Amino acid sequence: MVGGLTPVTPRAVEPSAARRPPSPVTARRNAHGGDRLRGVDDPCVTTTVDAPDGARLAARRHGGQLVGWTPAGGQERLWLSPLARCGPGEAIRGGVPVIFPQFAGRGPLPKHGVARDRAWEAAPTAEPGSWRAVLVDDAATRQIWPHAFALTLTASAAGDRLDTELTVRNPGDAPFTFTAALHGYLAVGTPEATVHGLGGHTAEDNEDGNRRKTVPEGPLVATEQRDIAVRDVAGPVTLDDPVLGPLTLTADGFDSRVLWNPGPDAGLRDVPPGGAAGFVCIEPAQLTPVTLAPGETWTGRQTLRSG
């Protein structure tokens, strides 16, 4: 990101303000009520931010969550369920949910922790094409997890890339330990889409008691049912999609990559029949617990690049 440029103020989506045809994310959202039924202060209202070169991101304060990304001159690359629910205690199905301070059921807390199912606050950012939100502990989070914390999620779209940064800070007077992830739902345009870059690595099968196994060499079918946590991945992971084009994920600060698709018969209430064929989750995750002393900060970064 380049500093010192003129701030771009995010704006709530309004039907009369569209400067070009709505993205698939916007169309799906409007088709099931979406922002037309909400006030502008509602954290479930979608904010879009346009970069000078035409790249676009969409986000909601609920969950501090990205719900759309269109590269400059391209098409939507994140998946958002047409049945996605949004509101207190609900997790938005799709986009890039923030997982903190516990990944999945790997601990005593509610699944995926306390960050994805509550409202964050928008924060200013001076970068064109960027959006930022923060979440700090309150009485409700401390009933679940008794620690002071501050999360900052910053996303920036430019050209063919989307950069996302998650920062965890300990503002309290006692250390805490956490795990975290960016649970990205990547759009898939064809059953022929494959995932590259994980073969040969050791993985934990989340559907089989975290039993360790070796990921087969070669490409993996993107929409095949699986839930594996691939450890110690340093290189890029690529979604090769003959319809939407290649999408490459790189990350820093996260020690693992989670590959998940629930399969066609998962029975998830917020995924329509056949909907799982439209996405694959490739998630940078910090699964080795991190301990932050008072005043310390941890940062994880992800870059998605289209083309």
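Since the model is a prediction, treat every value here as computed from it, not as a measurement. Count residues from 1 along the sequence.
The same ILVMFWY cluster, assembled from side-chain heavy atoms under 4.5 Å apart, contains both L109 and F178. L78 and L244 fall into different hydrophobic clusters, where Ile, Leu, Val, Met, Phe, Trp and Tyr are joined by side-chain heavy atoms under 4.5 Å apart, directly or via other members.
Side-chain contact check for E165 versus T299: some heavy-atom pair is nearer than 4.5 Å. With a 4.5 Å cut-off on side-chain heavy atoms, F149 and L151 count as touching. Residues L162 and L66 meet the side-chain proximity criterion, which asks for heavy atoms closer than 4.5 Å. For the pair E224 and V280, the minimum side-chain heavy-atom distance is 4.5 Å or more. The shortest side-chain heavy-atom distance between D240 and L247 does not fall under the 4.5 Å cut-off. Between I92 and R60, some side-chain heavy-atom pair lies under the 4.5 Å cut-off. A 4.5 Å side-chain heavy-atom check between W260 and E283 finds at least one atom pair inside the cut-off. In this structure the side chain of R116 never reaches within 4.5 angstrom of the side chain of H62, judged on heavy atoms.
For R77 and S306, the side-chain atoms include at least one donor-acceptor pair closer than 3.5 Å. One side chain, D255 or T288, offers a donor N or O that lies under 3.5 Å from an acceptor on the other.
By the 4.0 Å N-to-carboxylate-O rule, E204 lies close enough to R231 to be salt-bridged with it. Taking 4.0 Å as the cut-off between side-chain N and carboxylate O, D270 and R85 do not count as a salt-bridged pair.
Between atom CZ of residue R226 and atom SG of residue C281 there is a gap of 12.5 Å, rounded to the nearest 0.5 Å. Q65 contributes atom CD, which lies 10.0 Å from atom OG1 of T46 (distance to the nearest 0.5 angstrom).
Checked options T202, D205, D208; the residue passing with K213 is D205 (criterion: side chain to side chain donor-acceptor pair (under 3.5 Å)). T303 pairs with exactly one of D163, D252, T164, T248 by the side chain to side chain donor-acceptor pair (under 3.5 Å) rule, that one being D163.
In this structure, D241 contributes its side chain and G189 its backbone to a donor-acceptor pair below 3.5 Å. The backbone N or O of A104 lies less than 3.5 Å from a partner atom in the side chain of Q102, making a donor-acceptor pair. No donor-acceptor pair closer than 3.5 Å links the side chain of H196 to the backbone N or O of L220. Panel note: side chain R257, backbone V233; a donor-acceptor pair is recorded below 3.5 Å.
Evaluation of the salt bridge (Lys or Arg N to Asp or Glu O under 4.0 Å) test over residues 168-194, restricted to residues two or more places apart or in two chains, returns none.
Listed by chain and number, the residues in a side-chain hydrogen bond (donor to acceptor under 3.5 Å, both in side chains) with D137 are R142 (sequence neighbours excluded).
Ring planes of W79 and Y185: parallel class, angle under 30° (limits at 30 and 60°).
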### Message
One pair to check against ring-ring contact (aromatic ring centres under 6.0 Å, His included): W145 and F100. What are the steps and the verdict?
### Response
CA-CA 11 Å; W145 192 61; F100 173 89; 5.4 Å; yes

#### Entry: Worked verdict on N206 versus I228 for side chain to side chain contact (heavy atoms under 4.5 Å, CB included)
CA-CA 6 Å; N206 297 319; I228 57 173; 5.6 Å; no

